[in-house]
Amino acid sequence: KCFNSGMVSTAGVYVSKFENEIKKITKSKYVISVTNGTIGLFISLLTAGVKQNDEVLLPAITFVATANAVAQCHAIPHFVDIENDSLGIDANKLERYLLKNTYIKNNSCFSKSSKRKIKAIIPVHIFGHPCEIEKILKVSRKFKLTVIEDAAEAIGSFYKEKHVGNFGLLGVFSFNGNKIATSGGGGAIITNNKLLYNKIKHICTTAKVMHPWKYLHNEVGYNFRMPAINAALDYSQLLKLKNFIRKKKQLYKIYKKLFNLKKNIKIISSPKHSKSNYWLQTMILSGKTKKL
């Protein structure tokens with residue numbers, strides 16, 4: 001249908017269908033479709049005011065895209081420790097670390113060693129498992145950090161009945177070919193802030209000023225919107241998301257049963273107060289683990 005409509009690029013009904021389905025799933029007010037999750041993180045950081053030589057906190061375990069997005073802003077990735085249940089940022093260690101290594105000046109957080117501003121933090125819901133997002137938010141408010149959620153792997157995951165990506169200023173999803181729902185290549189940014197939504201949509205659409213025929217661009221913009229043909233594919237996938245998650249959970253249960261009696265093997269489960277999409281089944285091996 002998308003091909004037949006002739007609207008296969010960055011405009012058309014299927015872009016709207018895709019964005020509206022993301023709204024439905026996440027209960028977020030605003031959604032902007034983008035070409036991939038890395039671009040989503042980059043634009044989110046840029047719009048949130050991350051500038052050259054700012055530092056951005058991110059977990060020691062994540063995909064390289066999280067750090068790449070920081071580097072694209074000419075900012076500096078600053079890695080912090082994780083905890084064992086969700087593999088996300090350890091909120092308790094984070095607070096102790098910031099108390100020891102930072103100071104607050106002019107309502108901003110600065111590193112004692114580098115003297116650079118620590119502008120933001122990117123909690124990652126790794127492998128689809130929600131991290132300790134409420135605790136991380138509490139620490140972030142204390143240290144004046146902007147929170148941008150990397151929910152690239154976590155569409156369909158909830159923390160205390162609230163979809164991940166909705167806790168920070170902005171949340172970012174990926175729909176790459178290996179994700180639980182895919183558009184081949186694509187991503188989405190969610191927010192409940194209308195001003196940010198308008199700003200991001202404008203920048204991602206070449207910063208073009210609305211006009212019947214003139215091509216007017218009032219700032220540096222990017223061609224970062226998801227093509228309609230990708231949106232059509234992902235829209236059809238999102239309609240099956242509950243079934244995909246059900247099958248992922250079945251896989252988790254199979255692994256859990258198989259390795260239940262192995263003392264040195266831990267299968268990562270949905271953390272407390274969370275509902276994971278179980279995107280990737282993950283095990284932690286401890287000590288000397290014999291041949292399985």
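Computed over heavy atoms, backbone and side chain alike; hydrogens, waters and symmetry mates excluded.
- V64 belongs to a hydrophobic cluster with F63, counting contacts under 4.5 Å between side-chain heavy atoms of Ile, Leu, Val, Met, Phe, Trp and Tyr, direct or through other members.
- The shortest distance between side-chain heavy atoms of K199 and I203 falls below 4.5 Å.
- H217 meets the side-chain contact (heavy atoms from CB on, under 4.5 Å) test with T206, K208, Y215; sequence neighbours excluded.
- Counting only residues at least two apart or in different chains, ring pair (Phe, Tyr, Trp, His ring centres under 6.0 Å) contacts with residues 21-46 comprise Y30-Y197, F42-Y222.
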Report task. Carefully, step by step, assess D85 and K266 under the rule salt bridge (charged side-chain N to carboxylate O under 4.0 Å, His left out). Result -> CA-CA 10 Å; D85 291 332; K266 176 186 176 182; 3.4 Å; yes
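- The two residues S157 and N277 come nearest to each other via the heavy atoms OG-N, 2.9 Å.
- More than 12 heavy atoms of other residues, nucleotides or ligands lie within 6.0 Å of CG in N218, so this atom counts as buried by the packing criterion.
- When atom types are taken as modelled, the side chain of T182 and the backbone of G184 share a donor-acceptor pair closer than 3.5 angstrom.
- By the side-chain contact (heavy atoms from CB on, under 4.5 Å) test, K138 pairs with R141, sequence neighbours left out.
- Under the 4.5 Å side-chain criterion, counting only non-hydrogen atoms from C-beta, L58 is not in contact with I121.
- Closest heavy-atom contact between Y252 and S269: OH-OG, 2.7 Å.
- Under the 3.5 Å distance criterion, the side-chain polar atoms of S174 are left unmatched by any main-chain donor or acceptor of A152.
- The heavy-atom pair separating T38 from N36 by the smallest distance is N-OD1, 3.2 Å.
- Between the side chains of S113 and S111, at least one donor N or O sits under 3.5 Å from an acceptor N or O.
- A heavy-atom distance below 4.5 Å is found between the side chains of L57 and L145.
- No donor-acceptor pair under 3.5 Å is formed between the side chain of S274 and the backbone N or O of C131.
- Evaluation of the ring pair (Phe, Tyr, Trp, His ring centres under 6.0 Å) test over residues 160-181, restricted to residues two or more places apart or in two chains, returns F18-F175, F158-H163, Y159-F167, H163-F173.
- Residues I267 and Y278 are members of one and the same hydrophobic cluster, defined by side-chain heavy-atom contacts under 4.5 angstrom among Ile, Leu, Val, Met, Phe, Trp and Tyr.
- Listed by chain and number, the residues in a side-chain contact (heavy atoms from CB on, under 4.5 Å) with E132 are E83, A91, K135 (sequence neighbours excluded).
- Under the 4.5 Å side-chain heavy-atom criterion for ILVMFWY residues, no single connected hydrophobic cluster contains both I229 and M226.
- Within the structure, every pair that satisfies the side-chain hydrogen bond (donor to acceptor under 3.5 Å, both in side chains) test and touches residues 17-27, not counting sequence neighbours, is listed here: E19-S33, E19-R225.
- Hydrophobic side-chain contacts under 4.5 Å tie V209 into a cluster, directly or through other members, with L216.
- A heavy-atom distance below 4.5 Å is not found between the side chains of I32 and I190.
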Show the atom names and distances, to 0.1 Å, of all donor-acceptor pairs under 3.5 Å that link a side chain in residues 44-54 to residues at least two apart or in another chain.
{"from": "S44", "atom 1": "OG", "to": "G40", "atom 2": "O", "distance (Å)": "2.7"}
{"from": "T47", "atom 1": "OG1", "to": "I43", "atom 2": "O", "distance (Å)": "2.6"}
{"from": "D54", "atom 1": "OD2", "to": "K51", "atom 2": "N", "distance (Å)": "2.8"}

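- Sorted by first then second residue, the salt bridge (Lys or Arg N to Asp or Glu O under 4.0 Å) pairs that include residues 159-184, not counting sequence neighbours, are E134-K160, E161-K275.
- The shortest distance between side-chain heavy atoms of I180 and K248 falls below 4.5 Å.
- Nearest heavy-atom pair across V34 and C204 is CG1-SG, 4.0 Å.
- The same ILVMFWY cluster, assembled from side-chain heavy atoms under 4.5 Å apart, contains both L258 and L285.
- A single hydrophobic cluster is seen to contain both I148 and V56, as judged by linkage of ILVMFWY side chains at heavy-atom distances under 4.5 Å, directly or through other members.
- Smallest separation of non-hydrogen atoms from S86 and I126: O-CG2, 3.2 Å.
- For the salt bridge (Lys or Arg N to Asp or Glu O under 4.0 Å) condition, the pairs that include at least one residue of residues 113-131, sequence neighbours left out, are E55-R116.
- V70 is not listed as a side-chain neighbour of L41, based on a closest heavy-atom distance of 4.5 Å or more.
- Nearest heavy atoms, H125 versus I133: CE1-CB, 4.3 Å.
- Partners of F127 under the side-chain contact (heavy atoms from CB on, under 4.5 Å) rule, at least two apart in sequence or in another chain, are L87, H129, E153, W279, L280, T282.
- Note on I245 and I268: same hydrophobic cluster, where clusters join Ile, Leu, Val, Met, Phe, Trp and Tyr whose side-chain heavy atoms are under 4.5 Å apart, directly or indirectly.
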